[in-house]
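Below you'll find the structure, written out as structure tokens, and then a few comments.
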Amino acid sequence: MPGGRLTQQERQQIALGLADGLAYAEIARRLERPTSTVTREVMRNGGPTGYRAELAHRATEQRAQRRRQPAPRKAGGPSPEHGRDVEAVREYEEMFASVFIQSGLPKMTARVLACFFTTDEGSLTASELVQRLQISPASVSKAIAFLESQSLVRRERDDRRRERYVVDDDVWYQSMMSTARANAHFVQIARQGAGVLGPATPAGVRLENVARFMDFVSESIARAAEQAREILHSKPEPASDGAD
């Protein structure tokens, strides 16, 4: 299989393959590339519904330019702690953000959330987010407002009285419980509709069935979140040295 970066023509073929509904494996086979190469390329550049060949090619050229001409690291930017490859971390953040985009988050909000999860402290100030992501303060404010509404981040003051935004160990538990509450509200509305339309009518039956389904899902999510909550606070087990 050929190595090296994808060409612009290959990216156009990927875009055409996605438009035709082809699987990543099939696109990769036609390009004679590994499936992982195509998957990473698509997820890094907007996902299967947002992939654009020209934009993807331009983004790759910009990343390559950054490697050739590394700029001095700004305060709050990615740093090589723990022997990390800074560029690899940056590319992973982009790919991680694309997963959030696929789940329904707006692009800028997804980038902000991915930034939190790849920061050891799990907290950043607005100015640090602006520096790390090279976006405007207004974009940060809008993204944070959305994440707060979904219980994905919270605010706190540090010892310098600066406002920090935090992703803590309980963020996914709170998010799951928020989802369960939203589902429970949907159940209530669906059952109200069944009553209005008539419980014996096709529309009424449809809404009641949806309500029963969502009620079960909502209770299951809440129960599973409670049972698994302690996992979020667990520490990784020390690696075995192979000794008996």
Side-chain angles (χ1 to χ4, degrees), residues 14-15 18-19 21 24 36 38-56 58-60 62-63 76-78 88-156 163-186 189 214 217-218 220-222 224-225 228-229 231-232:
I14 290 174
L18 293 171
Y24 294 152
S36 60
V38 174
T39 302
R40 185 167 57 250
E41 166 71 14
V42 174
M43 295 306 294
R44 182 186 292 169
N45 294 287
T49 59
Y51 184 82
R52 300 292 183 271
E54 290 292 336
L55 295 178
R58 193 178 308 134
T60 301
Q62 290 171 350
R63 285 193 292 268
V89 171
R90 183 182 295 112
E91 291 187 1
Y92 176 75
E93 282 185 9
E94 293 175 5
M95 185 171 65
F96 198 13
S98 71
V99 174
F100 289 134
I101 293 170
Q102 288 303 298
S103 72
L105 287 183
K107 181 177 180 180
M108 194 60 65
T109 305
R111 291 185 64 202
V112 169
L113 187 57
C115 194
F116 279 115
F117 276 98
T118 53
T119 302
D120 285 321
E121 295 79 7
S123 70
L124 293 163
T125 65
S127 62
E128 287 170 344
L129 283 166
V130 167
Q131 290 174 342
R132 285 177 66 96
L133 298 175
Q134 295 296 290
I135 58 178
S136 70
S139 295
V140 169
S141 179
K142 184 177 180 180
I144 290 296
F146 181 88
L147 291 172
E148 282 188 305
S149 73
Q150 301 300 307
S151 301
L152 289 171
V153 300
R154 60 179 174 81
R155 299 176 188 235
E156 66 177 29
E163 191 170 67
R164 302 189 69 86
Y165 307 111
V166 181
V167 172
D168 60 22
D169 290 339
D170 249 359
V171 65
W172 288 114
Y173 168 78
Q174 297 297 341
S175 178
M176 289 298 101
M177 296 305 291
S178 177
T179 298
R181 289 191 293 271
N183 287 342
H185 180 65
F186 180 86
I189 298 301
M214 293 303 294
V217 170
S218 179
S220 298
I221 289 175
R229 188 176 187 180
I231 295 174
L232 295 170

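For the pair L133 and M108, the minimum side-chain heavy-atom distance is 4.5 Å or more. Annotation: side chain of F146 is in contact with side chain of T109 (closest heavy-atom distance under 4.5 Å). You'll find the side chain of L129 reaches within 4.5 Å of the side chain of F116, heavy atoms only. Contact of the L18 side chain with the Y24 side chain is registered, since non-hydrogen atoms from C-beta on lie closer than 4.5 Å. Residues L124 and C115 form a side-chain contact, since some pair of their non-hydrogen atoms from C-beta on lies under 4.5 Å apart. Residues L113 and L105 form a side-chain contact, since some pair of their non-hydrogen atoms from C-beta on lies under 4.5 Å apart. In this structure, V166 and V153 have side chains that are not in contact, with every pair of non-hydrogen atoms separated by 4.5 Å or more. Side chains of E91 and M95 form no contact here, defined as non-hydrogen atoms less than 4.5 Å apart.
If you take OH on Y173 and CD1 on I231, they are separated by 13.5 Å, rounding to the nearest 0.5 Å. To the nearest 0.5 Å, the span separating CD1 on I101 from CE on M43 amounts to 8.5 Å. Separation of atoms NE2 (H185) and OG (S218) is listed at 12.0 Å; rounding is to 0.5 Å.
When all heavy atoms are compared, the tightest approach of A97 to A110 is O-CB, 3.4 Å. Heavy-atom minimum distance, A180 versus I221: CB-CG2, 4.3 Å.
Ion pairing between a basic and an acidic side chain is recognised when a charged N comes within 4.0 Å of a carboxylate O; R132 and E93 show such pairing.
Screening residues 138-151 for salt bridge (charged side-chain N to carboxylate O under 4.0 Å, His left out), with sequence neighbours left out, gives E148-R155.
Side chain to side chain, E41 and Y51 meet the donor-acceptor criterion of an N or O pair below 3.5 Å. For the 3.5 Å distance criterion, the side chains of T39 and S36 fail to qualify, holding no donor opposite an acceptor. Side-chain atoms of T125 and R164 include no donor-acceptor pair closer than 3.5 Å.
Qualifying ring pair (Phe, Tyr, Trp, His ring centres under 6.0 Å) partners for Y92, counting only residues two or more places apart in sequence or in other chains: F96.
No donor-acceptor pair closer than 3.5 Å links the side chain of S141 to the backbone N or O of A138.
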>> With side chain to side chain contact (heavy atoms under 4.5 Å, CB included) as the criterion, how do R111 and I135 come out once you've worked through the C-alpha distance, each side chain's angles and the decisive distance to 0.1 Å?
In response: CA-CA 10 Å; R111 291 185 64 202; I135 58 178; 3.7 Å; yes
